[in-house]
> 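I have a structure here, written as structure tokens, and I will follow up with some questions on it.
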Amino acid sequence: MPIRPAQLASSLGALGTLDVDQGLAVTLPLVLRSAKTLLDADRAGLMLVDETGALCWASASDQVGEAVAGDLSMPVEVGGGPVGTLDVYVTAAREWDDSAAAALQAYAGLVASLLVATVTARVTGRLADQLRAALEYRSQIEQAVEILVDREGLDAPAALEWLGTAARSSGCSLVQMARAVVGGAPLPSDLLAQARAQRREATDLEVAMHRRDSELHEGKARRFVRRGQPGRAQTERLQAAASRGRIIDAEAEQRRADQAP
């Protein structure tokens with residue numbers, strides 16, 4: 001059954017004013033139990049990113065400590081980026097509608113507000129330490145990506161891909177490689193070449209897809225002309241032109257990937 005806006009407002013309002021000074025170990029379970037009740041779930045939980053980039057259990061509506069993917073999940077964002085996920089779990093299969101997703105998103109926003117308040121108030125404890133580790137992880141990755149964009153002439157997605165390739169080839173975690181880049185360590189040139197090759201392959205596939213779409217729309221336009229339907233033929237020509245425009249954009253991206261830093 002869809003969750004009405006009044007139900008969501010009542011559920012959030014019933015929490016009252018959450019006291020950050022009580023600590024996340026007290027406030028988070030209250031929020032998670034409220035989300036669990038509203039969504040008629042068996043459990044609600046929060047996972048935060050650890051120092052290796054993996055999602056780890058942080059808090060739950062019930063006394064559990066397992067980190068598994070939720071049946072409905074929503075990112076929790078602090079400072080403009082994700083630090084974890086808010087998840088609800090059910091034992092029976094269920095189709096989640098838009099109202100459920102919107103409700104969980106609202107609760108994810110409330111959780112994010114609690115996390116921000118915790119950082120600002122310098123609250124201590126296990127959960128506060130987990131949160132700071134998640135923020136540190138994201139900060140290190142973002143700094144490394146910015147350095148690679150500036151130093152190597154890559155765009156942000158290619159820089160992140162390169163970081164991952166370098167980490168795997170070196171047998172270290174993504175954040176360890178990010179710290180090395182932030183510290184000024186050079187990355188092997190063959191990794192840069194590999195990242196660029198992967199980027200070129202992706203843009204080649206994109207160009208091929210848009211070219212196929214353009215040809216399909218042109219073919220439909222010709223068929224509509226033969227049937228005496230000029231209006232529908234014109235619509236297909238416009239869609240073909242849009243596909244050709246996307247080809248131009250993709251090929252421009254490919255040229256940028258080929259350029260030397």
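Here the structure is a predicted model, which is why all the values come from computation and not from measurement.
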> If you take all heavy atoms of Leu38 and Gln7, which pair is closest and at what distance?
CD1-O, 4.0 Å
> Counting distance only, does the side-chain N/O of Thr37 pair as donor-acceptor with the main-chain N or O of Arg33 below 3.5 Å?
yes
> Of the non-hydrogen atoms in Ala41 and Val88, which two are nearest, and what is the gap between them?
CB-CB, 4.0 Å
> Just so I know, are the side chains of Val225 and Arg237 near enough to count as touching, which here means a heavy-atom distance under 4.5 Å?
yes
> Between the side chain of Asp42 and the main-chain N/O of Thr91, is any donor-acceptor distance below 3.5 Å?
yes
> Determine the minimum heavy-atom distance between Ile3 and Ala100, stating which atoms define it.
CD1-CA, 4.1 Å
> Heavy-atom distance under 4.5 Å between the side chains of Arg232 and Glu236, does that happen here?
no
> Decide yes or no for Met47 and Asp87: does some side-chain heavy atom of the first lie under 4.5 Å from some side-chain heavy atom of the second?
yes
> Determine the minimum heavy-atom distance between Ser99 and Pro2, stating which atoms define it.
OG-CA, 3.3 Å
> Identify, with sequence neighbours excluded, every residue that meets side-chain contact (heavy atoms from CB on, under 4.5 Å) alongside Ala240.
Ser214, His217, Glu218, Arg244
> Are the side chains of Thr85 and Leu46 in touch, meaning some heavy atoms are under 4.5 Å apart?
no
> Is there side-chain contact between Trp96 and Asp71, with heavy atoms separated by less than 4.5 Å?
yes
> Does some side-chain heavy atom of Leu15 sit less than 4.5 Å from a side-chain heavy atom of Tyr107?
yes
> Minimum heavy-atom separation for Leu12 to Ala106, with atom names?
CD1-CB, 4.4 Å
> Would the number of heavy atoms belonging to other residues, nucleotides or ligands and lying under 6.0 Å from CZ of Arg4 be above 12?
no
> May I ask you to test the Val111-Leu28 pair for a side-chain heavy-atom distance under 4.5 Å?
yes
> Step by step, work out the side-chain contact (heavy atoms from CB on, under 4.5 Å) result for Asp40 and Arg94.
CA-CA 11 Å; Asp40 190 25; Arg94 182 187 305 179; 4.2 Å; yes
